[in-house]
Undergrad: 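The following block contains the structure, expressed as structure tokens.
Atoms within each ligand, like the ligands themselves, are counted from 1 in listed order. All values below were derived from every heavy atom in this structure, side-chain atoms included, with hydrogens, water molecules and symmetry-related copies excluded. No experiment lies behind these values; they were computed from the predicted model shown.
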Amino acid sequence: MKELLITHARLATMRGGRYSMIEDGALHAKDGRIAWVGPTSEVASARISEADALDAHGALVTPGLIDCHTHLVYAGDRAKEFALRLQGATYAEIAQAGGGIASTVKATREASDADLTTQSGRRLDALAGEGVTTVEIKSGYGQHLEGELRCLRIARGLAAGRSVSIVTTLLGAHAVPPQFKGRADAYVDLVCNEMIPAAAREKLADAVDAFCEGIAFNPQQVRRVFEAAAAHGLPVKLHADQLSNTSGAALAAEFGALSADHLEYTDAAGVAAMKRAGTVAVLLPGAFHFLGETKRPPVQLLRERGVPMAVATDCNPGTSPTTSLTLMLNFACTLFGLTPEEALCGATCHAAAALGLKDRGVLEAGRRADLALWDLGDPAALAYAIGGKRPVMVSTGQ
Ligand code: DI6
Ligand code: FE
């Protein structure tokens, strides 16, 4: 894209963590960057001549949406487990009986690279169809060195031929593989001594994540993973306090994590630690809904403390089989009590912060020309619909 001038738009700039609307606004982008944002009445005529001009006729323009937490590289599905859960089995019981993550690891290992790429690409395309221009993808269904690196390579490769940015996260410490049953520490050695160094060396991961939970890794083990990540210059994130309070949020904050995610069982001390560290709270209402969870994350505390809240799909086969970020905006409001404005911040400016990206998520001069145009007037309409909103046009500045 050389130049783009949008006029007569309702611009939800998302500056300062608010809609920060410019009514009858205009946006001028040049060489992939936003050059100017302001009222249409102030557009200099000189700007129009060269630009590719677009009259939005009052339609809404937002930053391109950002899904900052997905596990979308996997094969197969877990529909059978869904049926079991409906009959009373819990997620933890299924995992302990060898199902759960382990069954997706098996299906993922058995899939060819081409098949895994196709299945994952479909999910990515579904997200992108809703105006998502940046997607974080975690590994975690490989569970040995080559398997994890393969998932990261496939994730990175999905960007080819698509106008969507991919950010990758190594989640080697997702679950204890069956062959390491009772030897979780030995598996953590593998994560720390082999996976993290290899992912860093091959520049396959932008961050490192872990699942801190009774059915996964304890805080001491997560600490080792985070120390190894730090030694290799990689920022960290954490699946924290999803099913129980393990003080995961505070642990993530201690390591200056970009984000702590889930947080259903996080307490006031965890929220305070996140505030001090500048750690973003990533809320995942799809998993909450799908697991029939009743304990909500401490939204009011996060709000009072001023901890930025992001909202993401958690796209994965076990706890959040969805590819609709706009549905998550609706869920964040209806299930967690976010306002539509907070929800949209959660998929734009705060999601960018959860990924450590400073060049997108807000419409202002200097940032990427990364935006979506919606056939909607009110920005609350994005969270109001029960999913499935599709933009009229997206630009990623490419
Ligand atoms: N928490 C989750 O919700 C997903 N991973 C995690 O650590 C679940 C992944 C799965 O069940 O396949
Ligand atoms: Fe997750």
Undergrad: Would you check if the distance from the ring center of F336 to the ring center of F288 is below 6.0 Å?
TA: yes
Undergrad: Counting heavy atoms only, which part of H262 comes closer than 4.0 Å to ligand 1: side chain, backbone, both or neither?
TA: side chain
Undergrad: Salt bridge or not for D314 and K138, using N-O below 4.0 Å?
TA: no
Undergrad: The Fe ion (ligand 2) as vertex, arms to NE2 of H239 and NE2 of H71: angle to 10°?
TA: 100°
Undergrad: Heavy-atom contact under 4.0 Å between T104 and ligand 1?
TA: no
Undergrad: Return yes when atom CZ of R183 has more than 12 non-hydrogen atoms of other residues, nucleotides or ligands closer than 6.0 Å, and no otherwise.
TA: yes
Undergrad: With a 4.0 Å cut-off on N to O distance, would you call K237 and E136 a salt bridge?
TA: no
Undergrad: Please check this pair: side chain of T118 against backbone of A114, looking for a donor-acceptor N/O pair closer than 3.5 Å.
TA: yes
Undergrad: By number and element, which atoms of ligand 1 are closer than 4.0 Å to a non-hydrogen atom of N316?
TA: 4 (C), 8 (C), 9 (C), 10 (C), 11 (O), 12 (O)
Undergrad: Taking 4.0 angstrom as the limit, do R10 and E23 come out as a salt bridge?
TA: yes
Undergrad: Only to 10 degrees, please: what angle do the OD1 atom of D314 and the NE2 atom of H69 make about the Fe ion (ligand 2)?
TA: 80°
Undergrad: In terms of residue, atom name and distance, what is the protein heavy atom nearest to atom 5 (N) of ligand 1?
TA: H174 NE2, 2.8 Å
Undergrad: Can you pull out the closest protein heavy atom to atom 1 (N) of ligand 1? Residue, atom name and distance to 0.1 Å, please.
TA: Q242 OE1, 3.1 Å
Undergrad: Give a yes or no on whether a salt bridge exists between D113 and R150, defined as a side-chain N under 4.0 angstrom from a carboxylate O.
TA: yes
Undergrad: Checking contacts here: is it the side chain or the backbone of Y91 that comes within 4.0 Å of ligand 1, counting heavy atoms only? Could be both or neither.
TA: side chain
Undergrad: Short list, please: which atoms of ligand 1 are under 4.0 Å from a heavy atom of H239?
TA: 1 (N), 6 (C), 7 (O)
Undergrad: Enumerate the atoms of ligand 1 whose separation from the nearest heavy atom of Y141 is less than 4.0 angstrom.
TA: 9 (C), 10 (C), 12 (O)
Undergrad: Can you list the ligand 1 atoms lying under 4.0 Å from a non-hydrogen atom of R78?
TA: 10 (C), 11 (O), 12 (O)
Undergrad: Given that the side chain starts at C-beta and the backbone is N, CA, C, O, which of these parts of L171 lies under 4.0 Å from ligand 1, counting heavy atoms, or is it both or neither?
TA: neither
Undergrad: Nearest protein heavy-atom contact for atom 3 (O) of ligand 1: which residue, which atom, what distance?
TA: T319 OG1, 2.8 Å
Undergrad: For the Fe ion (ligand 2), does an N/O/S atom of D261 lie at less than 2.8 Å?
TA: no
Undergrad: Can you label the angle between the Y187 ring and the F217 ring as parallel, tilted or perpendicular, going by 30° and 60°?
TA: parallel
Undergrad: Is E146 paired with R153 through a side-chain N to carboxylate O contact shorter than 4.0 Å?
TA: yes
